[in-house]
J.: 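Here it is, the structure in full.
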Amino acid sequence: MSHRKERPMENDVPTWALTRRLLGENARQHWVGYTVGFVLLAVSSAMTALVAYVMEDVINNVFIDPQPAMVWTVAISVIVIFVLRGVTTYAAAIVLARIGNRIVADMQLRMFERTQAQSLSWVDAQDIGDLVVRFQTGVTAVRQAIQVLVQSVGRDLLTMAGLVGIMFYQDPIMAFIALFVAPPAIFVIVTVMRRMTTVARTEFASVGRLIGMVKEVVLGARVIKSFRIEQRLAHDMGQVVERVRKLNNKIARLSNATSPIMDMLGGFAFAAIILYGGTQIAAGELDAGSLFSFITAFMLVYEPAKRLGKFNVDYQKHLVGVRMVYDILDTAPDSSERMDGADLKVREGEIVIENARFSYGEQAVLHDLSLTIPARKVTALVGPSGGGKSTVLSLISRLHQAQSGRIAIDGQDVSAVTTDSLRRNVALVGQDAFLFDTTIADNIRMGRPDATDAEVEDAARAANAHDFIMRQNLGYETPVGEGGGRLSGGQRQRISIARAMLKNAPILLLDEPTAALDTMSERKVLEAIERLMHGRTVVVIAHRLSTIRDADVIHVLNEGALVESGDHEALMASGGLYRHLHDTQFRSDA
Ligand code: ADP
């Protein structure tokens, strides 16, 4: 919603440092391509300078004092110059674009890998819209920044150097006079560029917010419709859109400001050339061919100069995208991932939590929690919502890390064993199963990638999923849609149970796996879960009375602390919080 502000840019390095990094990183890798590209650009620039140079002959030896042999020579030279210029310009553009595309592809992959390597807390803190902008617009901006830099600056500077060379060759004093407009032009460009940086940054962030809101409209469609919050969202969206519109107007004002200002400055310079050149010709110091060649060079220098003025403005905009990409690439990967250390070996599957303390940022959630989860038994975690039950499951699978205390599986500290071995031994089934946008079979096989078709089917049968899968038009090969959207909640849940079956981990964590289901699908899912629980250490967060009553041990958590433990009868008899929850909150069976 709109109360969420755009997130600030972390990567606040200056333009020069950023440009150096951008080119430095890539130059090493692509130096051959860059060299070829620059040679081609140099040739193309030299041809432009020759256009101005040849004008001297065109005027003096073709128009004023025609000589038949010279006419032919000049005509053929002109053809050669223009053809060479066209071919080299095209070749340089292609060579440089290919490098740009390669860099973009590499960056996208690196960003994706870096995003996956982040901790859960980092991922939770992300705004999806912002990430999408970083991936798409940000990476495109990287390509444009590089392209604009090497092509426009490279080519334009080379071209300008060649043309200014011709101007000095024809008349050094006149060249100095014509260039008096350069300092004020540079001043204008720098001023506009400074303003542009700030505006472009805000614009990128606002567009991220806009995409995030579109995402909410899709993901939250049910809530939006049932609570009739369309108007409120439309209002928020209106504000964001309005902000983006105003920023874009500002960008338009800035990015178009340089060219008319430079036009006017150019007019002054041209007038100066006419005055000085005219006097020189009258005095017989200059011939018409040289003056015309000079003016041609001046006219031609003018376009790249104008582009260069605008370049800076655009480049600043692209650099904002570059910064966004580097923000992601520079985020250190999750330091809690362990590659070294011993592999976890689960013999029995007993879990012991001792004096665990955990907070999400400032918010303390678990205070000095100690409890034991017996091997190969079913332990239920119950308690008021917000009491820290899900957090306990996260700590066991080390999706989050306890700030102090110890969590051990069969005596092995979960923070000392490799993350790989830990996750292999722990399966988690949550409230709402997340499926990937691929086929049913693929989704199940994620439990164990080398499973055969028969094993996938066995798992699906055990999860009560086989029958409904066979009713899909493509059976196991049916695509499930984004997030599994083409299946019902109960069907998704059974597929996620089949996935867990296939994984066959000795420790099973269940976070209210039927909370989101209606009674009919709940029954099928419960049957499947019972099969899945068999022979494993199970920790289940539950609100259903029958699940809780059937558990071997019940731990009652409240406000991050263990308040009661025991079986159903004992806890009912003691008349504490459990008894109260039983009377007021547990869902009985229909
Ligand atoms: P329970 O499962 O008992 O409902 P949780 O473990 O989900 O409790 O949450 C415990 C507390 O931690 C709650 O107050 C909740 O607001 C907070 N919390 C849970 N997840 C996060 C998170 N990702 N970021 C910040 N706070 C969280």
Side-chain angles (χ1 to χ4, degrees), residues 1 3-5 7 115-128 130-131 212 215-216 219-220 331 334-337 351 353-371 373 378-405 407 414 426-434 493 496 507-517 529 538-545 547-548 551 553-565 571 576-578 580-582 584-587:
M1 303 240 161
H3 60 257
R4 229 172 128 162
K5 287 308 282 182
R7 85 175 192 187
T115 308
Q116 281 205 67
Q118 297 304 320
S119 69
L120 205 57
S121 325
W122 185 88
V123 174
D124 284 343
Q126 293 311 302
D127 182 311
I128 294 179
D130 184 274
L131 269 186
K215 196 98 188 169
E216 276 181 346
L219 294 178
T331 313
D334 186 1
S335 57
S336 67
E337 285 270 332
I351 305 168
I353 298 178
E354 286 169 342
N355 311 107
R357 219 177 267 279
F358 180 77
S359 42
Y360 291 105
E362 299 281 282
Q363 192 194 1
V365 173
L366 301 179
H367 327 268
D368 206 26
L369 179 77
S370 298
L371 55 81
I373 289 155
V378 176
T379 301
L381 299 183
V382 303
S385 121
K389 304 182 292 296
S390 303
T391 306
V392 169
L393 298 193
S394 298
L395 294 189
I396 294 173
S397 48
R398 226 177 75 206
L399 291 173
H400 291 298
Q401 242 188 323
Q403 273 108 19
S404 68
I407 293 138
V414 294
V426 178
L428 178 75
V429 176
Q431 294 190 5
D432 195 15
F434 185 86
Q493 197 57 292
S496 82
I507 292 165
L508 177 62
L509 308 178
L510 302 170
D511 191 348
E512 294 194 73
T514 61
L517 306 180
I529 285 175
V538 179
V539 189
V540 56
I541 298 176
H543 286 119
R544 280 180 80 264
L545 183 57
T547 309
I548 299 167
V553 181
I554 301 164
H555 288 311
V556 185
L557 263 65
N558 190 23
E559 293 178 357
L562 182 67
V563 291
E564 286 178 304
S565 292
L571 289 170
L577 178 61
Y578 181 82
H580 174 72
L581 291 168
H582 173 271
T584 58
Q585 312 226 319
F586 293 160
R587 276 166 68 196

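In what follows, every heavy atom counts, from backbone to side chain, and hydrogens, waters and symmetry copies are set aside. When a ligand or atom number is given, it counts from 1 through the structure's own listing order. The model shown is predicted, which means the values in this text are computed figures rather than measured ones.
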J.: Show me the donor-acceptor pairs, under 3.5 Å and distance only, between side chains in residues 359-366 and residues at least two apart or in other chains.
T.:
{"from": "Ser359", "atom 1": "OG", "to": "Gln403", "atom 2": "OE1", "distance (Å)": "3.3"}
{"from": "Tyr360", "atom 1": "OH", "to": "Thr391", "atom 2": "OG1", "distance (Å)": "3.3"}

J.: For ligand 1, which atoms have a heavy atom of Val365 less than 4.0 angstrom away?
T.: 10 (C), 11 (C), 12 (O)

J.: Please list, chain by chain and in numerical order, all residues satisfying ring pair (Phe, Tyr, Trp, His ring centres under 6.0 Å) with His543, sequence neighbours excluded.
T.: none

J.: Out of Gly383, Gly361, Gly386, whose heavy atom is nearest to atom 4 (O) of ligand 1?
T.: Gly386

J.: Hey, which atoms in ligand 1 end up nearer than 4.0 Å to a heavy atom of Asp124?
T.: 23 (N)

J.: What's the spacing between Ile373 CD1 and His555 NE2 if we round to 0.5 Å?
T.: 5.5 Å

J.: Considering all heavy atoms of both residues, which atom of Ile407 and which atom of Ile396 are nearest to each other, and what is their separation?
T.: CG2-CA, 4.3 Å

J.: Measure from atom 2 (O) of ligand 1 to every heavy atom in Ser390, Gly388, Ala364 and give the option owning the shortest one.
T.: Ser390

J.: With atoms numbered from 1 as shown, which atoms in ligand 1 lie under 4.0 angstrom from a non-hydrogen atom of Ser385?
T.: 4 (O)

J.: Taking 4.0 angstrom as the limit and counting only heavy atoms of Gly387, give me the atoms of ligand 1 inside it, by number and element.
T.: 1 (P), 3 (O), 8 (O)

J.: Work out which heavy atom in Leu381 is nearest to a heavy atom in Leu557; give both atom names and the distance.
T.: CD2-CD1, 4.4 Å

J.: Does Thr391 approach ligand 1 within less than 4.0 angstrom via side chain, backbone, both or neither, non-hydrogen atoms only?
T.: both

J.: How long is the gap from OG1 on Thr379 to CG on Leu509, to the nearest 0.5 Å?
T.: 11.0 Å

J.: At what distance, to the nearest 0.5 angstrom, does CG of Leu510 lie from CD of Gln431?
T.: 11.5 Å

J.: Under 4.0 Å from any heavy atom of Gln363, which atoms of ligand 1 are there?
T.: 14 (O), 17 (C), 26 (N)

J.: Please write down residue, atom name and distance for the protein heavy atom closest to atom 19 (C) of ligand 1.
T.: Tyr360 CE1, 3.3 Å

